[in-house]
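Heads up: the structure comes next, in structure tokens.
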Amino acid sequence: MIVYILCFALFLVGIYGALTKRDLIKIILSIGIMGYAVNLMFILFAYKTGASFAILTKEGINTNMVDPLPQALILTSIVIELGITALLVTLAIRLFEKYKTFDITKIRRLSG
Amino acid sequence: MILPFLIIIPLLAAFLITLISGEKDNWAIVLSILAVISLLALSIFSFFTTGNDTFIYEMSGWKIPLTICLVQDAFSTFMLVIVNLIALTSLMFSVSYIKHYSGTWKYYALFMLMITGMNGVIATGDIFNLFVFMEIALFSAYALVAFGGKAEEYEAAFKYAIMGSISSTLILMGIGILYATTSTLTMANIAAILPTKDPRIMYWVGAIFLAGFGLKSAVMPFHAWLPDAHSSAPAPISAMLSGVLIKALGIYVIIRFFFNVLGAPQIFLTLFMILGSISIIVASYLALGQWDLKRLLAYSSISQIGFILLGLGIGTKLAILGAVFHIFNHAIFKSLLFYNSGSVEMALGTRDLRKMGNLKDAMPVTSTTSMIASLSVAGLPPFNGFFSKLIIIIAAVQASHVGYAIIAVIGSLLTLAYFMKVQRYGFRGNDIIEKPEVSISTGMKSAMIILAILCIVSSALIIPGIREVTLDPVVSVIMNKTGYIYEVLGR
Amino acid sequence: MKQTEGMTLIVKTVTRISVWMILLYGLYIILHGHISPGGGFAGGVIIALAFLNVMLAYGRGFIKRWVNIGFLHDIESSSAALFLAMGILGMAVGGGFLANFISHGKLFHLLSAGTIPILNIVIAAKVSMGLFVVVWTLSVFHLDKGGKK
């Protein structure tokens, strides 16, 4: 149980950072932390003490194995996060070109 | 067998555009227009052949619990028709609107990817697959919002991307909890297994999904990104975002998940009604104070989404009919209004209502179609918006939610008020505007005219004979609730 | 070549020797994707890292002369289109989209598992080129002075 609580704490760290930090790069990192917490949660759901990896071995089918599907799922979600992070970094660079700052409180041309 | 092509065709078009198109040739335009026309034809064909049936397409030859399935029923094909119809008009509008930007082929490739994502979300019956397609659609939406390359656009896109990422992470968390509980990702299987588990899990997952998809559909407490993103994007993209993206990724998934998977528990329906009425009133009030035309339209979108959610929350057959009809109507008139704002911005170079004037002589098509769209969104007969709002209000009264009915009436009066303001200052003001130096191309005009005609013609969907083949199958899919399980799994 | 471009001679020499080994390892991971852990994505990332190694050690200018970035873009898009083509082929020959329509062969042989090795190679091309082009695009940003106005 304690691992789930720690995993959720990591998620809260990410969401805290995304909502309170003023630096664009720190916000992007916080989004990443949130994503990692959820990925970790998937792996924890699939985890089984003492089980081994889920592939065929030359000795035959391995009966005591962890659930392989969440691993495939988080691989997909990692790729998506990679794409989103690259896009966010690109936008941050462009914003820096335009506003000459990474401070989100000074990037306020839109309002209302 | 049609459904996989609705995903394959735009995806193939996107990759072919990046492969063969360059700066100077028109391959990107030709390919994307061809792709979208075939998509529209396929989706209309599948809508009318589906009727009350449900067809399943299983990927890669495996059977259902092991594979990803695509579900073709009346509701999904109905949404596909809306998405591809608006996509076609948006492309027609884009061709000359986007000409002045550099690297236009990237625009068309991203546009095709966005359609892929939306079609995928609508077609799929697998909840993780839904997440992946949602991310494809959102990813291209972020990039398209920033396409113009101005400071405001980057700012809006950054805000949108941050909010979108937070909501996607929440949704992924919900999917994880669902998988841990039910050991399956097929939505029909989840629906079959979930009732046998602890009911608290259903409420937790429902709450997480409501927050996640509420952010996508910009319901009132989660709306902060929408006015920036939708007003900063290029006009055809605003039309796509406001017209279909928030519905395909937000409202459609909310209906699919809460009605067909969870079986519409009363607590969530009550939440829908509360969130919907907050959206209607507060967003209308905020729209009233806006002078930026596109920003006003963006707030109006939030308020109209509130109407849809209110209809869903009431939950009777009539109310769902109103909500489904309003999804269709809102897609049409809001896209049309964004095209109007785009052509005004192109001709006059401003979006500020105070700087516009009487456009009746200078831009007759824009001003006439904007009048039709405004009357339609404000809910005046005989335009389509009137009927869907009327149905929702009647349904609220019938279900003895008189308070919500009054809120809906006040909301439509406020809508009328702020569209009077648009017409009074923006299109029929005092100072006559001479011929603008930039003329509106035929493609843009015809996109506006098509949608304006649809604004009037689609009122006919409510006539009983036509309703039975168009809207009623959709309503029966939604009202069938967890009958979805039997339709999909065939047992 | 300017003296300032890239890193020191030591780094350049080590990179010149090691980059081929990295590429080879990436290829190994890709081709054994259906037998052992790994596959197209992991191998593709390794190949992209080999390219990035060259870029970091020798500088952007060298990469621009060494490979044609437009060609890498084309490889990326065409591999995605190829993946789709495999899917459609599965639809035409096998039971559904992306069906495994080639004979599965014997377990633990290099040439087995039907379409999976082919798809692994296609994915590897997509991932490696995509990842490298993304980092390349991010790295050239401050080269165009002040961005487009």
Side-chain angles (χ1 to χ4, degrees), chain A residues 4 7-8 11 14-15 17-19 21 24 27-28 30-47 67 69-70 72-74 76-77 79-100 102 104 106-112, chain B residues 66 127-129 131-136 138-143 145-146 149-181 183-185 225 227-229 231-232 286-287 289-292 295-296 298-299:
Chain A
Y4 290 105
C7 178
F8 192 67
F11 181 78
I15 212 162
L19 295 179
K21 290 296 168 196
L24 292 183
I27 291 174
I28 295 170
S30 308
I31 297 283
I33 292 172
M34 273 172 77
Y36 295 143
V38 174
N39 291 346
L40 184 63
M41 190 192 78
F42 265 86
I43 289 297
L44 286 177
F45 283 148
Y47 181 71
D67 188 353
L69 185 63
L73 299 186
I74 64 149
T76 316
S77 113
V79 178
I80 292 170
E81 270 164 31
L82 168 76
I84 297 282
T85 311
L87 185 77
L88 281 172
V89 169
T90 317
L91 286 173
I93 294 173
R94 287 295 197 187
L95 278 171
F96 186 78
E97 275 175 7
K98 301 284 180 190
Y99 291 88
K100 303 292 175 214
F102 275 135
I104 196 134
K106 298 204 175 83
I107 302 176
R108 284 205 167 275
R109 227 169 267 180
L110 295 163
S111 60
Chain B
L66 298 178
I127 200 152
F128 191 78
N129 200 227
F131 172 78
V132 172
F133 279 121
M134 185 176 78
E135 287 298 310
I136 293 175
L138 281 173
F139 191 86
S140 26
Y142 305 149
V145 168
K150 288 201 276 294
E152 291 86 355
E153 290 165 0
Y154 290 131
E155 188 185 335
F158 192 83
K159 209 186 239 181
Y160 186 17
I162 292 290
M163 298 300 259
S165 304
I166 291 176
S167 68
S168 300
T169 316
L170 281 173
I171 290 164
L172 190 61
M173 197 165 144
I175 293 171
I177 295 171
L178 273 181
Y179 179 73
T181 322
S183 307
T184 178
L185 289 167
W225 57 271
D228 293 341
S231 61
S232 304
L286 287 172
Q290 295 298 327
W291 285 102
D292 182 334
R295 222 176 164 75
L296 187 149
Y299 274 112

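Keep in mind that this is a model prediction, so the values were computed, not measured. Every heavy atom of this structure was used, including side-chain atoms; hydrogens, water molecules and symmetry mates were not. We name chains A, B, ... by the order of the sequence lines, and we start the count at 1 in each one.
Heavy atoms closer than 4.5 Å to chain A are found in the side chain of B:Ala146, but not in its backbone. Contacts between B:Phe158 and chain A at a heavy-atom distance below 4.5 Å involve backbone atoms as well as side-chain atoms. Heavy atoms closer than 4.5 Å to chain B are found in both the backbone and the side chain of A:Met34. Contact annotation for B:Ile136: neither backbone nor side-chain heavy atoms come within less than 4.5 Å of a heavy atom of chain A. Heavy atoms closer than 4.5 Å to chain B are found in both the backbone and the side chain of A:Leu24. Neither the backbone nor the side chain of A:Tyr4 comes within contact range of chain B, judged by heavy atoms closer than 4.5 Å. Only the side chain of B:Phe128 comes within less than 4.5 Å of a heavy atom in chain A; its backbone stays farther off.
Counting heavy-atom pairs under 4.5 Å between each of A:Ile15, A:Ile80, A:Thr90 and chain B puts A:Ile80 at the top. Ranking A:Leu73, A:Val38, A:Ile31, A:Ile104 against chain B, the residue ahead of the rest is A:Leu73, based on heavy-atom pairs under 4.5 Å. Ranked by heavy-atom pairs under 4.5 Å with chain B, the list A:Ala37, A:Gly83, A:Gly14, A:Ala18 is led by A:Gly83.
In this structure, the side chains of A:Asp67 and B:Tyr179 come closer than 4.5 Å at one or more pairs of heavy atoms. Counting heavy atoms from C-beta on, the side chains of A:Ile84 and B:Tyr142 come closer than 4.5 Å. At least one side-chain heavy atom of B:Leu172 sits less than 4.5 Å from a side-chain heavy atom of A:Ser77. Side-chain contact check for B:Leu170 versus A:Phe11: some heavy-atom pair is nearer than 4.5 Å.
Donor-acceptor pairing under 3.5 Å is lacking for the side chains of B:Tyr154 and A:Glu97.
The heavy-atom pair separating B:Glu153 from B:Val145 by the smallest distance is CB-O, 3.6 Å. The minimum heavy-atom distance linking B:Glu155 with A:Leu95 is given by the pair N-CD2, 3.7 Å.
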